[in-house]
Amino acid sequence: MIEPDFSSMSKTELRAFVIAHPDNKAAFRAFVDRFTSEASPETFDIPKSNAEIEEVEILIRQKLEQLKMI
């Protein structure tokens with residue numbers, strides 16, 4: 001079987017291919033590479049108090065609301 005061109009697939013197509021072909025290591029690596037390369041390099045410390053946890057929850061809710069508007 002000839003391997004498809006994973007680089008020309010959309011994220012959705014590549015994800016569907018990986019799900020349909022769970023033993024295809026090349027497809028899985030392409031999938032992980034694609035999503036890793038697009039991930040934010042930003043990291044955050046673990047919240048250390050209830051106030052920080054609440055602050056993080058608020059920020060997450062705000063981000064989710066922003067994404068709904070897109």
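Pairing each heavy atom of Ser10 with each of Arg34, the nearest pair is C-NH1, 3.6 Å. Shown here for Val18 and Ala27, the closest heavy-atom pair between the two residues is CG2-O, 3.6 Å.
Cluster partners of Val56 are Ile60, Leu64, counting Ile, Leu, Val, Met, Phe, Trp and Tyr whose side-chain heavy atoms approach within less than 4.5 Å, directly or via other members.
Evaluation of the side chain to side chain contact (heavy atoms under 4.5 Å, CB included) rule for Thr43 yields no partner, not counting sequence neighbours. The side chain to side chain contact (heavy atoms under 4.5 Å, CB included) test applied to Ile46 returns no partner, not counting sequence neighbours. Partners of Lys25 according to the side chain to side chain contact (heavy atoms under 4.5 Å, CB included) rule, which considers only residues two or more places apart in sequence or in another chain, are Arg29. Remark: Phe35 pairs with Phe31 by the ring pair (Phe, Tyr, Trp, His ring centres under 6.0 Å) rule, at least two apart or across chains. Applying the side chain to side chain contact (heavy atoms under 4.5 Å, CB included) criterion to Ala30, with sequence neighbours excluded, gives Phe6, Leu14. Applying the side-chain hydrogen bond (donor to acceptor under 3.5 Å, both in side chains) criterion to Thr36, with sequence neighbours excluded, gives no partner residue.
Residue pairs that meet the salt bridge (charged side-chain N to carboxylate O under 4.0 Å, His left out) test with at least one member in residues 11-21, sequence neighbours left out, are Lys11-Glu38.
In this structure, CD on Glu52 lies 11.0 Å from CD on Glu54, to the nearest 0.5 angstrom.
Glu55 places no side-chain N or O within donor-acceptor distance of the main-chain N or O of Ala51, the cut-off being under 3.5 Å.
Looking at Glu3 and Asn24, their side chains come closer than 4.5 Å, going by heavy atoms from C-beta outward. In this structure the side chain of Asp5 never reaches within 4.5 angstrom of the side chain of Met9, judged on heavy atoms.
Partner of Leu59 under the side chain to side chain contact (heavy atoms under 4.5 Å, CB included) criterion, out of Glu57, Arg61, Gln62: Gln62 alone.
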